[in-house]
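Worksheet for the structure shown next.
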Number of protein chains: 2
Amino acid sequence: MAKKSLPKPTEAELAILQVLWENGPSSVRFIHEQLSQEKEVGYTTTLKIMQIMAEKGLLQRNTDQRTHIYYPALEKEDTQKQLIHDFVASAFKGSAMQLVMQALGNHKASDKELQEIKALIEKMEKKDH
Amino acid sequence: MAKKSLPKPTEAELAILQVLWENGPSSVRFIHEQLSQEKEVGYTTTLKIMQIMAEKGLLQRNTDQRTHIYYPALEKEDTQKQLIHDFVASAFKGSAMQLVMQALGNHKASDKELQEIKALIEKMEKKDH
DNA sequence: ATTTGTCTACGAAAATGTTCGTAAATAAAT
DNA sequence: ATTTATTTACGAACATTTTCGTAGACAAAT
């Protein structure tokens with residue numbers, strides 16, 4: 001059967017996903033502590049958003065213990081891929097390459113990063129033949 | 001004096017900016033016709049959003065004629081730059097290079113596009129020395 | 001001149017996202 | 001055992017964004 005497509009995460013939801021991506025499955029308490037370092041926010045606000053995310057299917061959770069443990073339903077890369085797609089559509093008229101050029105141009109990249117990108121390009125060129 | 005920083009455009013606002021970027025200064029009627037091709041929406045909805053954008057400073061307008069002509073207050077590239085910055089922060093933990101790698105990897109690029117990127121990288125490498 | 005159409009302005013409803021207070025259950029501390 | 005702290009659930013207030021109806025000004029068509 002077809003994979004059910006999940007809604008695009010909102011800003012607040014994305015902030016939570018980032019913490020989960022970095023730290024793995026976590027409790028609301030932990031996520032909230034991390035988010036609090038960036039911005040003051042009530043505990044129940046974090047809780048509520050995570051509950052909504054679980055409802056939407058963005059997060060899964062283990063409720064065996066009183067303290068529920070949440071984790072993303074999708075791989076980080078899959079979510080990022082979808083986000084890039086939407087972003088490119090809404091701000092770059094669908095041209096991912098235009099985005100790449102802009103992002104590359106406006107950002108100071110280290111030699112190592114540039115080498116990585118070159119390597120990726122080489123690989124893509126080879127695949128074409 | 002310092003350049004007043006404009007708010008980040010919303011989704012609906014971005015759709016309007018894209019039409020303006022492509023077609024230059026336009027009337028509400030024209031923008032609305034373009035947007036209608038993508039999605040059904042009332043004329044006054046488009047009008048209202050453009051008026052709000054003018055209030056916010058995102059758009060300028062010429063009101064000499066009864067039919068006002070709107071145009072973006074900022075260059076396309078400036079707005080895109082800001083959008084990339086926010087996007088990278090919210091979805092890529094601030095790493096523009098991660099975004100570039102993902103966008104590059106997930107997208108089929110033409111030889112010509114790859115050449116352009118390579119050229120840009122060359123230029124960036126030279127600048128470092 | 002009168003009607004018909006097009007435009008802006010305004011305001012408010014509807015939809016979406018965010019915030020948090022309160023209550024109930026459970027666990028931990030005294 | 002009683003108090004204190006932690007956690008989930010729920011609901012509602014608040015904020016932001018999107019939507020559009022209505023009215024008034026002006027222009028075009030008849």
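What's counted below: heavy atoms across the whole structure, side chains too, no hydrogens, waters or symmetry copies. Note that this is a predicted model, so its numbers are computed, not measured. Chain letters run A, B, ... following the sequence lines, proteins first and then strands; every chain starts at 1.
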Item to check | Flag side-chain contact, heavy atom, 4.5 Å: B/His107 against A/Val100 | outcome: no
Checklist entry - Between A/Glu55 (CD) and D/dG11 (P), how many Å, whole number? => result 11 Å
Next on the checklist: Output the rounded distance in Å from CD1 (A/Ile69) to P (D/dT6).
Outcome noted: 16 Å
Checklist entry - Shared ILVMFWY cluster between B/Val41 and B/Val19, side chains joined below 4.5 angstrom? => result no
Checklist entry - Whole-Å distance between C/dG21 P and A/Leu47 CG? => result 14 Å
Checklist entry - Can you tell if the side chain of A/Gln102 reaches within under 4.5 Å of the side chain of A/Phe92, non-hydrogen atoms only? => result yes
Checklist entry - Expressed in angstrom and rounded to an integer, what is the separation of A/Met53 atom CE from C/dG17 atom C1'? => result 13 Å
Checklist outcome for this item: Rounded to whole Å, CG of A/Leu35 lies from C1' of C/dT19 at a distance of 14 Å
Item to check | NZ or CZ of A/Arg29 within 45° of A/Tyr43 ring axis and under 6.0 Å | outcome: yes
Can you give me the N/O atom pairs linking the protein to nucleotides 14-18 of chain D at distances under 3.5 Å, or say none if there are none?
unit_1	atom_1	unit_2	atom_2	d
D/dT18	OP1	B/Ala12	N	3.2
D/dT18	OP2	B/Thr10	OG1	2.6

Checklist entry - Please give, in whole Å, the distance from D/dA5 P to A/Tyr43 OH? => result 16 Å
Next on the checklist: I need the CE-C1' distance between B/Met50 and C/dC7, as an integer number of Å.
Outcome noted: 13 Å
Next on the checklist: Is there a side-chain contact between B/Gln51 and the phosphate of C/dA9, meaning an N or O under 4.0 Å from OP1 or OP2?
Outcome noted: yes
Checklist outcome for this item: The correct set of residues in residues 79-92 of chain A placing a heavy atom under 4.0 Å from DNA chain D is none
Next on the checklist: Checking the side chain of B/Ser90 only, and the main-chain atoms of B/Val88 only, is there a donor and an acceptor separated by less than 3.5 Å?
Outcome noted: no
Checklist entry - A/Pro72 versus A/Thr79: any side-chain heavy-atom pair under 4.5 Å? => result no
Checklist entry - Can you check whether A/Asn106 reaches B/Gln80 side chain to side chain, under 4.5 Å on heavy atoms? => result no
Item to check | Sequence neighbours excluded, every pair satisfying salt bridge (charged side-chain N to carboxylate O under 4.0 Å, His left out) that has a member inside residues 80-104 of chain A | outcome: A/Lys93-B/Glu22
Checklist entry - Rounded to the nearest Å, what distance is computed from the NE2 atom of residue B/His68 to the P atom of nucleotide C/dC7? => result 11 Å
Checklist entry - Are side-chain heavy atoms of B/Lys56 and B/Thr10 found at a separation under 4.5 Å? => result yes
Item to check | Single-linkage hydrophobic cluster, 4.5 Å side-chain cutoff, B/Leu58 and B/Leu74 together | outcome: yes
Checklist entry - Got B/Glu55 and B/Gln51 here, is their nearest side-chain heavy-atom distance under 4.5 Å? => result no
Next on the checklist: Taking the side chain as everything from C-beta on, heavy atoms only, tell me whether B/Tyr70 gets closer than 4.5 Å to B/Val28.
Outcome noted: yes
Next on the checklist: Once rounded to the nearest 0.5 Å, what's the spacing between atom CE of A/Met50 and atom CG of A/Leu17?
Outcome noted: 9.0 Å
Next on the checklist: Can you list, in residue-number order, the parts of residues 17-24 of chain B that come under 4.0 Å of DNA chain C, counting heavy atoms only?
Outcome noted: none
Checklist entry - Taking atom CE of B/Met124 and atom CD1 of A/Ile117, what is their separation to the nearest 0.5 Å? => result 7.5 Å
Item to check | Strand contacts (DNA chain D) in residues 27-34 of chain B, 4.0 angstrom heavy-atom criterion | outcome: none
Pairs: protein N or O with nucleotides 22-30 of chain C N or O, under 3.5 Å:
unit_1	atom_1	unit_2	atom_2	d
C/dT26	O2	A/Arg66	NH1	3.3

Next on the checklist: Could you check whether any side-chain heavy atom of A/Ile69 comes within less than 4.5 Å of a side-chain heavy atom of A/Arg61, counting everything from C-beta outward?
Outcome noted: no
Checklist entry - Just how far is it from atom OG of A/Ser27 to atom CG of A/Asn62, taken to the nearest 0.5 Å? => result 12.0 Å
